[in-house]
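All chains are named by letter (A, B, ...) in the order of the sequence lines, taking the proteins before the strands, and each is independently numbered beginning at 1.
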4 protein chains.
Amino acid sequence: MAGSVNKVILVGNLGRDPEVRRLGNGEPVVNLRIATSETWKDKGTGERKEKTEWHSVVIFNENLGRVAEQYLKKGSKVYIEGQLQTRKWTDQQGQEKYSTEVVLQRFRGELTILDSRGGGASEFGDEEPGQVARGGEFGRSPPMERRPEPAGASRHSDFDDDIPF
Amino acid sequence: MAGSVNKVILVGNLGRDPEVRRLGNGEPVVNLRIATSETWKDKGTGERKEKTEWHSVVIFNENLGRVAEQYLKKGSKVYIEGQLQTRKWTDQQGQEKYSTEVVLQRFRGELTILDSRGGGASEFGDEEPGQVARGGEFGRSPPMERRPEPAGASRHSDFDDDIPF
Amino acid sequence: MAGSVNKVILVGNLGRDPEVRRLGNGEPVVNLRIATSETWKDKGTGERKEKTEWHSVVIFNENLGRVAEQYLKKGSKVYIEGQLQTRKWTDQQGQEKYSTEVVLQRFRGELTILDSRGGGASEFGDEEPGQVARGGEFGRSPPMERRPEPAGASRHSDFDDDIPF
Amino acid sequence: MAGSVNKVILVGNLGRDPEVRRLGNGEPVVNLRIATSETWKDKGTGERKEKTEWHSVVIFNENLGRVAEQYLKKGSKVYIEGQLQTRKWTDQQGQEKYSTEVVLQRFRGELTILDSRGGGASEFGDEEPGQVARGGEFGRSPPMERRPEPAGASRHSDFDDDIPF
DNA sequence: TTTT
DNA sequence: TTTT
């Protein structure tokens with residue numbers, strides 16, 4: 001529909017390491033499981049309570065997928081921006097099922113790592129992390145100069161590297 | 001979890017009139033069905049394509065529920081802010097099912113009507129609409145004065161009317 | 001800083017027609033003036049009050065700039081997503097000034113027209129409007145197929161048209 | 001204006017300790033200075049570049065102000081949600097100035113602490129942190145039960161404690 | 001089931 | 001300077 005917005009913003013932690021499938025051309029498709037939670041105080045008992053919500057995230061965005069694959073692990077805290085999508089599927093018993101996911105389409109969405117070094121509980125080495133990446137770019141574009149001079153900016157030059165951060 | 005965010009922002013149109021259930025105390029619980037869609041041009045055929053996504057929205061917020069009940073109808077365009085929640089239920093065949101909804105909790109979320117008079121295709125009368133409402137208030141609080149004087153502001157007085165807009 | 005987010009979301013109306021400057025290469029840079037407002041009821045007098053906030057928006061994103069230039073006019077209602085930027089400048093009296101703007105960088109941000117036909121009060125003709133556009137694309141990419149087959153997707157083919165909607 | 005949205009979302013770090021003023025009734029008004037930044041690679045030189053943006057945040061929301069006062073310090077990483085406001089003032093030379101701030105009004109906005117123990121560089125003791133707080137509540141409301149029974153929920157009971165987290 |  |  002003309003004039004619609006479908007946006008999900010999550011800040012939460014990975015419940016497990018990212019799951020990576022790979023397309024024929026080598027592009028990763030990454031699935032994340034992210035927990036958000038709320039805490040409150042029960043007014044009757046005074047107890048602290050907590051309710052956790054689990055979210056399935058699917059990253060089709062190539063650059064963000066590579067960032068997720070390389071730097072995220074179980075326990076990592078991330079900022080994620082995607083869109084809601086519900087898909088229908090049939091289980092092995094022939095039952096129709098619906099799954100709603102937060103999807104980062106190709107060239108869309110955002111993923112920002114919020115803990116240093118990707119945080120997390122994994123035993124894997126801690127390479128220098130790449131903490132920010134955005135969907136609508138191949139590599140990274142520099143922030144456009146404000147009040148730009150009317151000098152010709154070659155569009156091509158914005159895309160000559162393919163490193164996501 | 002400490003430090004998490006769970007937020008959904010939708011701008012879309014109601015696929016049908018709001019469905020209202022009522023709690024024992026008279027508070028409405030309102031269900032909306034909202035469509036968002038994307039359009040693009042198929043590069044092979046040049047055809048214009050469209051994909052619509054349907055969202056289930058549940059409003060527990062009392063004021064926003066009353067606004068939805070009174071002013072929204074099939075076709076209305078709204079801005080909605082809520083949170084993602086997935087609940088498990090068992091159907092009549094004993095099958096476990098999961099449903100993911102966008103929930104506006106009590107005293108939380110936002111709902112803004114984006115078309116004049118609530119828009120829509122319903123045959124019902126067009127009363128004067130109340131187009132903006134926010135979750136964290138009983139009635140409406142005035143915007144706080146900037147750089148306020150250190151004069152005592154009585155909190156109570158912010159809540160002495162219960163009109164949502 | 002690694003791990004930061006700078007995002008502004010506005011839904012409001014244009015106070016005047018868009019202002020368009022043009023770069024040496026023909027790319028438009030579009031300035032919008034957008035009003036948002038809040039209404040509330042004064043508890044003392046029972047009067048309805050309103051406070052309007054004006055926002056300066058600058059669109060460096062080429063596609064979104066073209067959409068704004070073609071379809072927006074005074075009075076149009078839009079959804080805008082950009083980032084906050086403050087720039088320093090010196091006025092004619094040599095005074096240092098600061099201006100904060102909502103900026104849609106190249107290949108970034110979103111702009112969605114929320115009224116049919118771009119709405120508005122302008123005397124200009126009402127061409128067929130293009131109501132949705134997104135920053136991170138040259139033309140429009142189709143939504144990625146869910147659960148994609150491992151067939152090689154040629155990235156180039158996503159960009160072979162330059163029509164923003 | 002009916003049907004408008006004015007929302008800013010920031011994830012960034014405090015450049016200095018919070019500044020607290022106090023109203024006549026003891027409510028805190030807290031000013032924060034928050035940095036966000038972007039990094040990219042210069043395509044000519046291959047250098048890594050960074051551009052930092054500084055944001056002024058003003059918290060009139062009483063609960064969030066108390067959280068900020070108690071748990072934030074220089075270096076803390078926060079998620080902030082507020083609205084854009086520009087105010088005019090006159091400097092000591094009689095010059096008119098404009099300042100744009102991200103404002104968390106009374107009972108509005110969100111503040112979430114993203115680093116454990118409030119993070120930061122301050123020398124002060126590390127009390128148990130309160131990492132999540134939301135504007136539209138006095139104390140904390142429990143998440144509303146889904147599919148609630150039509151049993152009367154006493155509204156009063158949601159507000160009988162005044163602890164922000 | 002909406003909207004364009 | 002918009003909109004309701």
Side-chain angles (χ1 to χ4, degrees), chain A residues 1-6 86, chain B residues 10-19 31-41 48-57 67 71-80 112-122 126-133 140 165, chain C residues 10-19 31-41 48-57 67 71-80 112-122 126-133 140 165, chain D residues 1-6 86:
Chain A
M1 160 193 336
S4 70
V5 173
N6 174 359
T86 298
Chain B
L10 299 177
V11 173
N13 295 71
L14 272 68
R16 53 178 186 241
D17 286 345
E19 290 171 10
N31 286 264
L32 305 178
R33 195 75 178 147
I34 293 182
T36 57
S37 72
E38 305 183 68
T39 55
W40 71 97
K41 212 178 192 165
R48 217 173 169 59
K49 300 220 168 182
E50 180 172 42
K51 180 162 173 286
T52 295
E53 193 70 35
W54 286 97
H55 310 272
S56 289
V57 175
V67 169
Y71 298 112
L72 296 183
K73 41 185 181 285
K74 182 176 173 181
S76 297
K77 174 162 284 191
V78 288
Y79 171 97
I80 286 274
T112 300
I113 305 180
L114 293 178
D115 40 14
S116 34
R117 313 182 72 65
S122 158
D126 275 337
E127 311 87 353
E128 166 82 74
Q131 279 130 322
V132 183
R140 288 293 304 219
F165 53 87
Chain C
L10 299 176
V11 173
N13 294 71
L14 272 68
R16 53 177 186 241
D17 287 344
E19 290 171 8
N31 287 264
L32 305 178
R33 194 75 180 148
I34 292 182
T36 58
S37 71
E38 304 182 71
T39 56
W40 71 97
K41 212 178 191 166
R48 216 170 170 61
K49 299 220 170 182
E50 180 173 41
K51 179 163 174 285
T52 296
E53 191 72 35
W54 286 97
H55 309 272
S56 290
V57 174
V67 169
Y71 299 112
L72 296 183
K73 40 186 182 285
K74 182 177 173 178
S76 297
K77 174 163 283 190
V78 288
Y79 172 97
I80 286 272
T112 301
I113 304 180
L114 293 177
D115 41 13
S116 36
R117 316 180 70 64
S122 159
D126 276 338
E127 310 87 354
E128 166 82 75
Q131 279 129 325
V132 183
R140 288 292 303 217
F165 54 89
Chain D
M1 164 192 334
S4 71
V5 173
N6 174 0
T86 298

Practice task
State which residue, out of C:D115, C:T112, C:I113, fulfils the side chain to side chain contact (heavy atoms under 4.5 Å, CB included) condition with C:K77.
Solution key: C:D115
Exercise for the section: Measure from the side chain of C:E50, starting at C-beta and using heavy atoms only, and say which of F:dT4, F:dT1, E:dT1 lies closest. Expected result: F:dT4
Handout entry: hbond_proxy D:S4 side chain to F:dT3 base (donor-acceptor, 3.5 Å cutoff)
Key = no
Completion exercise
Atom CG of B:D115 and atom C1' of E:dT2 are separated, to the nearest Å, by 11 Å
Problem - F:dT2 pyrimidine/purine six-ring stacking with C:W54, under 5.5 Å and 30° - result: no
Handout entry: Value in whole Å for how far the C1' atom of F:dT4 lies from NZ of C:K49
Key = 18 Å
Handout entry: Length of the line joining C:H55:NE2 and F:dT2:C1', which is rounded to integer Å
Key = 11 Å
Handout entry: Length of the line joining B:N31:CG and E:dT2:P, which is rounded to integer Å
Key = 18 Å
Handout entry: Which nucleotide in F:dT1, F:dT2, E:dT3 has an atom nearest any side-chain atom of B:N13
Key = E:dT3
Practice task
Check the distance between F:dT1's C1' and C:E19's CD and give it to me in whole angstrom.
Solution key: 11 Å
Handout entry: Side chain to side chain, B:V78 and B:L114, heavy atoms closer than 4.5 Å
Key = no
Handout entry: Separation of atom CG in C:L14 from atom P in F:dT3, rounded to whole Å
Key = 10 Å
Handout entry: Rounded distance (Å) that lies between atom P of F:dT3 and atom NZ of B:K77
Key = 18 Å
Handout entry: C:D17 (side chain) donor-acceptor with C:K74 (main chain) under 3.5 angstrom
Key = yes
Completion exercise
C:R48 CZ to F:dT3 C1', in whole Å, measures 13 Å
Handout entry: Distance (rounded to the nearest 0.5 Å) between B:H55 NE2 and B:R33 CZ
Key = 9.0 Å
